[in-house]
Each structure stands twice: as C-alpha cells, then as structure tokens.
A.B. asks: 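Supplied in structure tokens, the structure appears directly below.
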Amino acid sequence: MKRRTFLTSAFAGTAALALGVSWYSSDPIQVGEDVNYRVLFSVLIPALLDGALPEVASQRKIAIDTTLDSIQASISVLPEEQQVELKELLALLESRLGLLLLTGSMTPLMLRSPIELVDMLEEWRFHYLDMIQTAYLGLRELILASYYSSPAHWGKLGYAKPTFLLNT
Amino acid sequence: MAIIDPITTGLESGWQHIDASTLQQNRHFEADVIIVGTGAGGGTAAEILTDAGLTVIMIEGGALKSSKDFDMEERHAYPNLYQQAAAMKTADKGIGIFQGRAVGGSTTINWTTSIRTPKPTLDFWAAERSVINTSAEEMLPWFEKMEQRLNIKEWQYEPNRNNGVLREGCEKLGWEHTVIKRNVSGCWNTGYCGMGCPVNAKQSMLVTTIPAALNKGATLISRAKVTRLEHKGDKVSGLTAYALTEGLQPTGVELTFSGKHYILSAGAIHTPTILMRSNVPDPHKLLGKTFLHPSLLSGAMFDDQINGHSGAPQSIYSDQFVWHDGATGDLGYKLEVAPIHPVLIASKTIGFGQSHAQLMANFNKLQVVIALIRDGFNEQCAGGQVRLTDHGFALDYPLTEGFWAGARKAFLSMAELQFAAGAKRVLPMNDGLSFLTSWKQAQEVIGSMDLRLLKTIVASAHVMGGCPMGEDTIKAMVDSFGQSHYFDNLSVFDGSMFQTSLGANPQLSIYGLVARNATLLAQRLTPTAI
C-alpha cells in the first residue's frame with residue numbers, strides 16, 4: 001500500500017523514476033547515526049532564527065541546544081503521518097541527490113554559508129511547487145514554534161506567565 | 001494562591017473513571033447510554049441523561065487533565081489538550097486547525113466566546129435544508145437554559161487592549177460591535193483560556209456537566225479511541241474502541257461497549273469518521289462535509305503596549321460584515337481578535353530571520369484581528385470533505401476563488417479597522433508582504449496582492465458539519481433532533497449536526513441544540529415518560 005508521504009508528490013516521484021535511483025543509498029556522506037537530525041537542525045536554526053538567537057557565543061549555543069531538544073519533543077508528539085513526512089524531508093536534506101533536487105546544489109547544508117542558507121530558504125518560501133513551499137513552511141513552523149515554546153526564550157518578548165498560582 | 005482542583009477532589013470521592021492506558025486486558029462495558037466524546041455535545045448530554053436516571057458511559061479519546069496540569073505553557077497545552085498537538089492541517093496544508101482533545105473536548109481549551117446561533121443561519125437551515133423546530137424562537141429557552149447552567153454572561157470588565165482596538169476601530173468607523181458573553185465564573189482575567197483554565201473559572205464541560213454526571217454515577221473512560229460501531233438492520237449493536245498510551249498510541253487493548261442507545265459526540269471530524277469506518281448507509285454521500293470558518297489574520301503595531309496575552313482573550317466582536325449580503329450572498333466574515341502567545345504568534349505570522357525576530361521583539365505592541373469566513377452557504381466557499389486514510393483521516397478543503405475574494409475584503413476591513421484605531425503599521429498575514437504604513441497604502445497593496453494556498457495564512461478553530469441534521473434524507477443523516485435516519489438507537493449530538501458553518505463561535509449552539517435534543521431523548525428512554 002502506498003504511503004501518503006512527502007515523497008509521493010508527483011514531482012519527487014517523477015524525479016526519482018527518471019533518475020532511477022534510491023534516495024537513501026546514493027549518498028556517501030549521509031549522517032547515519034544522527035537519528036534526530038540534530039546536525040541538520042543546528043545548521044537551519046541560526047538561519048531561521050537570525051536576530052532572535054543571543055549574540056554571545058556561549059548563550060547562543062545554549063539557546064540552540066534548548067531548541068534542538070524542543071524540536072525533538074515537538075516531533076515526538078506529531079501524528080505518525082506527519083512524522084513520516086518530516087523525516088523523509090530531513091533525509092532528503094541529508095542526501096546529496098535530495099539536496100540537488102531541492103536546492104539545485106549537492107553541497108551539504110553544513111558547508112554552506114549563512115547567506116547561502118537564507119537564499120535557499122527564501123527560494124523555497126516563494127517556490128512555484130507546493131511541495132517545496134510546504135517543506136519551507138514545515139521547517140519554519142517546527143523550528144520557530146520549538147524555539148518560542150521555551151520560557152528561556154521569552155526574555156526579548158517581555159512575555160512571562162503569571163506567577164500567582166502555587167501549582168505552576 | 002492554591003487552586004482547588006475539582007477533578008482531583010471528585011476522583012478522591014469515588015468517581016467512576018477509567019484511564020484506558022492502564023488497562024492490561026480487553027474489557028466490555030454496558031450502560032443505558034454510551035456517549036462517544038466529552039466536548040460541548042457529549043458533556044451536555046451526559047448531565048441531562050444521568051439526571052433522568054439513565055446509566056451513562058462517556059468515552060473520550062484524550063486524557064483527563066485538570067487545573068493542576070494547566071501550567072499556562074503552550075509547549076505542554078498543545079500536545080496534552082489539542083488534536084495532533086495543535087499541528088492539525090487540511091490535506092494540502094492550506095489550513096491549520098485547532099481542535100481540543102481531552103476530557104471536556106474543545107470546551108477545555110476554547111476562548112469562552114458564547115454566541116447563540118445567528119437567526120439567518122437557523123432560517124437558512126429551515127428554508128433550504130429541511131430543519132424543523134429549530135427557529136430562533138424555539139431555541140431561545142434552550143439557549144437560556146445553558147446560559148444559566150454555564151454562567152454565560154456579558155463580560156463586565158474593560159476589554160483588554162487587544163479587544164479594545166477592535167472596539168475602538170469599530171467606533172471610529174461606525175461599525176457594529178458587541179460585547180461578548182463568556183462562560184466564566186470568578187474569572188481572573190489572565191488570558192490563558194486556550195491552555196486550559198488554571199483557576200477553573202471557565203465553565204467548560206470539564207468542570208460543570210461532566211463532574212455533575214460523574215457525581216450521579218456516570219462512568220468516564222479516557223484515552224480510549226472509538227473506531228467503529230457495529231450495526232445490524234436498523235440497530236446499532238455495539239461500539240469498539242482501543243486503549244491509548246499516555247502518548248496516545250494504541251496499547252493493543254480493545255474495549256467494547258453495548259447500550260440501549262448510542263450517542264456520537266466526537267466532534268465534526270471524528271463523528272463522521274467513525275460512521276464512515278463503520279460503513280453505515282450514506283446513500284446521498286453526506287458524511288464528512290465539513291465547514292471551518294477559515295480565518296485570516298492581520299497584525300498591527302501600536303506605539304503603546306497591547307499585551308495581547310493578558311486578559312480575557314475575546315471580549316468584543318463585530319458582525320458588520322457577516323450578513324451584509326444575506327445568508328446566501330457574498331461571503332461574509334466575523335471580526336474578532338486572537339490572544340497573543342509566543343508559539344501561536346511565531347507560527348501564524350510570516351517570514352523568518354531578522355524580519356520575524358523584529359516582529360517578535362515588538363511582541364507586546366502587536367495586536368491581531370482575525371476574520372472568520374462564513375462557509376457552507378453557497379458555492380463561493382462550499383466547505384471541505386473528510387475522507388478515510390490508511391492511518392486515520394484527511395480533510396480536503398479547497399480554497400476557492402470565491403474564498404480568496406472574500407479573504408481580500410476581510411484583509412481590507414481588518415487593516416482599515418486597525419489604522420482607524422491608531423495602528424502605526426499593519427501586516428496582513430500573507431507571505432511576501434512587509435508592514436504597511438497607511439490605510440492608503442494598505443488599500444493599494446491588499447487590493448492587488450497575490451492570495452493563494454500556502455502563501456496566505458489560514459487557520460480554523462471551529463470544525464463544523466459532517467453529519468447534517470434535517471428531515472429530508474437527501475439532505476440529512478440525522479433528523480432535526482439528532483436522531484439517526486438509519487438507526488433507531490443512534491443519535492449525533494455535536495457540531496457535526498450543523499448544515500453549514502454558523503457565522504458565530506459554535507459552543508453555545510452545540511450546548512443549546514444538544515440540551516434540547518438530549519432532553520427529548522431522555523424522555524424517550526425513561527419509562528416515566530410513557
């Protein structure tokens with residue numbers, strides 16, 4: 001039975017057929033052990049949260065680590081179908097061929113400059129293919145929501161929950 | 001100050017509650033009435049039926065959470081209390097949907113806005129959809145009954161600044177506006193209704209009808225997802241559910257239920273989904289036709305503090321544009337505001353990086369108006385369709401040209417209102433736009449901007465329809481009192497009964513209709529009524 005996933009959109013399906021390849025076996029530098037895609041997210045977080053993350057390096061690292069944990073927590077509560085879609089997208093972004101299709105370049109994301117990453121996201125944001133726009137929106141929502149879900153990141157917002165209750 | 005948690009107290013007093021995640025083996029349960037779902041419909045029905053002396057079992061897919069769990073943090077509230085951790089979307093990802101999943105259903109997490117079903121909606125159902133005995137006059141005593149039961153009263157305090165902007169804009173422009181009635185008692189005016197009321201002021205089903213039913217001996221089974229009903233001829237013979245873990249995954253334990261009567265109150269997505277999965281007769285393909293009040297958002301920056309997270313989330317609305325062209329005319333929209341909390345705002349705004357960071361840095365000066373489009377009354381925006389998938393369901397909801405035309409007008413109205421109320425800059429949540437600095441500029445930009453799927457942020461907090469009511473079986477699955485046209489012992493008591501969207505926030509419509517319908521059902525099921 002065919003799964004309804006990110007990959008089954010006409011675009012990706014056709015491309016895979018045309019190239020006659022498996023997405024997962026062709027990439028020699030796939031980060032196999034990084035089951036939670038922390039390396040990948042740690043590259044995307046500074047691009048999506050530019051201006052929000054602390055400037056001081058040590059604080060910045062803590063904020064990114066907290067966000068990575070929040071992302072993991074966010075993914076774990078998504079319905080199975082959404083988790084599958086997301087993980088297929090993340091696998092694509094770790095695969096050279098996937099990167100070529102999604103970004104027009106095989107250069108791994110972690111080797112790209114901040115400006116290149118922002119350009120990539122901007123291109124996805126206004127892409128004519130719904131699938132790629134969906135990828136942008138999915139990553140955007142996941143990363144921004146995960147960052148701002150943490151009380152540690154509310155300082156710049158001037159937001160704090162009331163403290164009058166003993167049970168919180 | 002410590003808050004007394006009525007759920008903890010009730011459980012200690014011996015309420016019959018089974019958390020299905022703790023069950024180790026399959027179980028069978030019996031009662032006079034089996035109710036699936038504990039939201040506005042199921043909760044209201046449970047109290048009325050137990051009051052009539054019937055034995056009742058309430059089955060809820062979500063968990064039993066209460067004020068001790070409501071810590072006013074989105075990161076806990078969304079996964080614990082919302083369907084799909086508040087990340088539910090239509091199949092093409094065009095609309096984000098907020099719907100409750102917990103004991104109390106969406107009443108546990110709604111913003112307390114309580115509005116009687118608008119007369120044009122009831123008139124349309126009577127004239128076009130064969131709904132009888134449900135006119136505004138006939139419904140009045142039932143709305144009054146539930147308003148009294150849930151302490152639904154006009155909000156007596158000054159609106160927070162977020163709502164104050166809506167009122168001020170309407171006053172400046174001469175637009176209709178109304179103070180909202182809320183189902184609260186002793187409200188602390190803190191603004192966290194959407195994360196579960198931490199002080200039990202919100203008169204949700206969780207703290208009113210469900211405790212009342214449990215006090216009278218009803219049984220509540222939480223974390224049990226009903227998958228199908230068994231039926232033979234014109235009778236439902238049983239229900240099947242599976243137990244869920246704390247993470248709401250199946251445990252492998254199966255629960256079965258039998259009763260004299262069955263009520264589906266699982267909400268406007270899950271009620272039709274259960275019926276579809278059970279292969280019930282649906283000769284006119286009516287199941288799953290869904291309405292959402294698809295809503296647009298407009299942000300505005302003010303010089304002064306808005307603090308939109310603080311205070312009653314909704315206390316003012318404007319119906320200036322809902323019925324301006326009649327029920328079947330051009331799409332109308334209701335203007336309200338949305339509370340401003342970090343995750344909600346971070347995700348329902350546009351852009352990323354520096355521009356988004358700047359928006360968030362001005363968090364407390366941000367004001368947000370929402371426009372809820374009245375869908376389902378004509379082909380301009382006919383609604384969506386739920387379908388089954390391998391893992392569950394999907395909701396197809398095409399955003400039509402007619403919808404986008406209505407959306408453009410709504411964006412214009414929201415910007416006009418925000419500038420009239422003193423906004424310095426306005427940002428329609430349509431990707432690619434920057435802040436607009438004047439009403440003149442807004443008219444030009446909004447008038448010509450590209451609105452489309454994924455680019456324009458569309459959200460819904462009101463899922464309606466899917467198992468419509470009426471007397472004509474070509475137009476309705478259940479009669480005007482929620483009784484199935486196909487099964488003698490099955491009723492549908494929730495927002496899925498609606499023939500269209502309402503043009504108003506739905507909770508009071510569900511309370512009123514279900515109070516009437518459950519009272520009639522109780523008379524039918526109890527021997528004293530004979």
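All heavy atoms count here, side chains included; hydrogens, waters and symmetry mates do not. In what follows, every chain begins at residue 1, and chains take the letters A, B, ... in the order their sequences are listed.
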A.B. asks: To check you understand the geometry: which heavy-atom pair defines the closest contact between B:Arg161 and B:Gln305, and what is its length?
C.D. replies: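 Taking B:Arg161 first and B:Gln305 second, the nearest heavy atoms are CG-O, 3.6 Å.
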
A.B. asks: Quick one: of B:Ile350, B:Ile340, B:Asp5, who has the most non-hydrogen atom pairs under 4.5 Å with chain A?
C.D. replies: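 Top option by heavy-atom pairs under 4.5 Å: B:Ile350.
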
A.B. asks: Determine, step by step, whether A:Gln133 and B:Arg452 satisfy the side-chain contact (heavy atoms from CB on, under 4.5 Å) criterion, reporting the C-alpha distance in whole Å, the side-chain angles of both residues, the deciding distance to 0.1 Å, and the verdict.
C.D. replies: CA-CA 12 Å; A:Gln133 222 182 334; B:Arg452 63 180 161 84; 3.6 Å; yes

A.B. asks: In terms of heavy-atom pairs under 4.5 Å, which option from A:Val118, A:Leu137, A:Leu49 contacts chain B the most?
C.D. replies: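 It is A:Leu137.
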
A.B. asks: Walk me through it: do B:His309 and B:Asn364 pass the test side-chain hydrogen bond (donor to acceptor under 3.5 Å, both in side chains)?
C.D. replies: CA-CA 8 Å; B:His309 53 84; B:Asn364 284 334; 3.3 Å; yes

A.B. asks: Does B:Arg277 qualify as a cation-pi partner of B:Phe393, given the criterion of NZ or CZ under 6.0 Å from the six-membered ring centre and within 45 degrees of its axis?
C.D. replies: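 Negative - B:Arg277 is either too far from the ring of B:Phe393 or too far off its axis.
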
A.B. asks: Can you find a pair of side-chain heavy atoms, one from A:Thr103 and one from A:Arg112, that are under 4.5 Å apart?
C.D. replies: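 Yes, at least one pair of side-chain atoms sits under 4.5 Å.
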
A.B. asks: Is there a side-chain contact between A:Leu92 and A:Leu99 in this structure, where contact means two heavy atoms from C-beta onward sitting under 4.5 Å apart?
C.D. replies: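 Result no, sub-4.5 Å side-chain heavy-atom pair not found.
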
A.B. asks: Only heavy atoms, only distances under 4.5 angstrom. Which residues in residues 138-157 of chain A are near chain B?
C.D. replies: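 Near chain B, by residue number: A:Arg140, A:Glu141, A:Leu144, A:Ala145, A:Tyr148, A:Ser149, A:Ser150, A:Pro151, A:Trp154, A:Lys156, A:Leu157.
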
A.B. asks: With only heavy atoms counted, which part of B:Tyr192 is less than 4.5 Å from chain A, the side chain, the backbone, both or neither?
C.D. replies: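 It is the side chain, since no backbone atom gets that close.
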
A.B. asks: For B:Gly288 and B:Met276, work out which heavy atoms get closest and say how close.
C.D. replies: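 Between these two residues, the closest heavy atoms are CA-CE, 3.8 Å.
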
A.B. asks: Is it the backbone or the side chain of A:Gln82 that comes under 4.5 Å from a heavy atom of chain B, or both, or neither?
C.D. replies: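 Answer is side chain: those atoms of A:Gln82 sit under 4.5 Å from chain B.
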
A.B. asks: How long is the straight-line distance from OG1 of B:Thr108 back to CG of B:Leu206, given to the nearest 0.5 Å?
C.D. replies: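 B:Leu206 atom CG to B:Thr108 atom OG1 measures 4.5 Å (nearest 0.5 Å).
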
A.B. asks: Using the test ring-ring contact (aromatic ring centres under 6.0 Å, His included), find all partners of B:Tyr242 that sit at least two apart in sequence or belong to another chain.
C.D. replies: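 If we apply the ring-ring contact (aromatic ring centres under 6.0 Å, His included) test to B:Tyr242, skipping adjacent residues, there are no hits.
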
A.B. asks: Using only atom types and a distance under 3.5 Å, with no angle test, would you say the side chain of B:Asp396 pairs donor to acceptor with the backbone of B:Val386?
C.D. replies: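 Between the backbone of B:Val386 and the side chain of B:Asp396 there is no qualifying donor-acceptor contact (under 3.5 Å).
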
A.B. asks: I want to know whether B:Tyr78 and B:Tyr82 have ring centres closer than 6.0 Å.
C.D. replies: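 So the answer is yes for these two rings.
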
A.B. asks: Are there residues of residues 60-78 of chain A whose heavy atoms fall under 4.5 Å of chain B's heavy atoms? If so, which?
C.D. replies: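 Only A:Val77, A:Leu78 of residues 60-78 of chain A have a heavy atom under 4.5 Å from chain B.
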
A.B. asks: I need the minimum non-hydrogen distance between B:Lys202 and B:Cys193, along with the two atoms involved.
C.D. replies: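 Residues B:Lys202 and B:Cys193, closest heavy atoms: NZ-O, 3.1 Å.
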
A.B. asks: Could you check which of B:Gly351, B:Ala86, B:Gly96, B:Ser355 has the highest count of heavy-atom pairs closer than 4.5 Å to chain A?
C.D. replies: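 Looking at each of B:Gly351, B:Ala86, B:Gly96, B:Ser355 in turn, B:Gly351 comes out on top.
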
A.B. asks: Considering only distance and modelled atom types, tabulate donor-acceptor pairs under 3.5 Å from the side chains of residues 356-363 of chain B, sequence neighbours left out.
C.D. replies:
residue	atom	partner	partner atom	Å
B:His356	NE2	B:Ala346	O	3.1
B:His356	NE2	B:Thr349	OG1	3.1
B:Asn362	ND2	B:Gln358	O	3.1

A.B. asks: Chain A: which of B:Ala87, B:Gly392, B:Pro342 shares the most heavy-atom pairs with it under 4.5 Å?
C.D. replies: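 So the answer, after comparing B:Ala87, B:Gly392, B:Pro342, is B:Pro342.
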
A.B. asks: Among B:Glu74, B:Lys89, B:Lys348, which has the most heavy-atom pairs under 4.5 Å with chain A?
C.D. replies: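 Counting heavy-atom pairs under 4.5 Å, the top option is B:Lys89.
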
A.B. asks: Which one wins on heavy-atom pair count under 4.5 Å against chain A: B:Thr190, B:Val343, B:Asp431?
C.D. replies: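 The answer is B:Asp431.
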
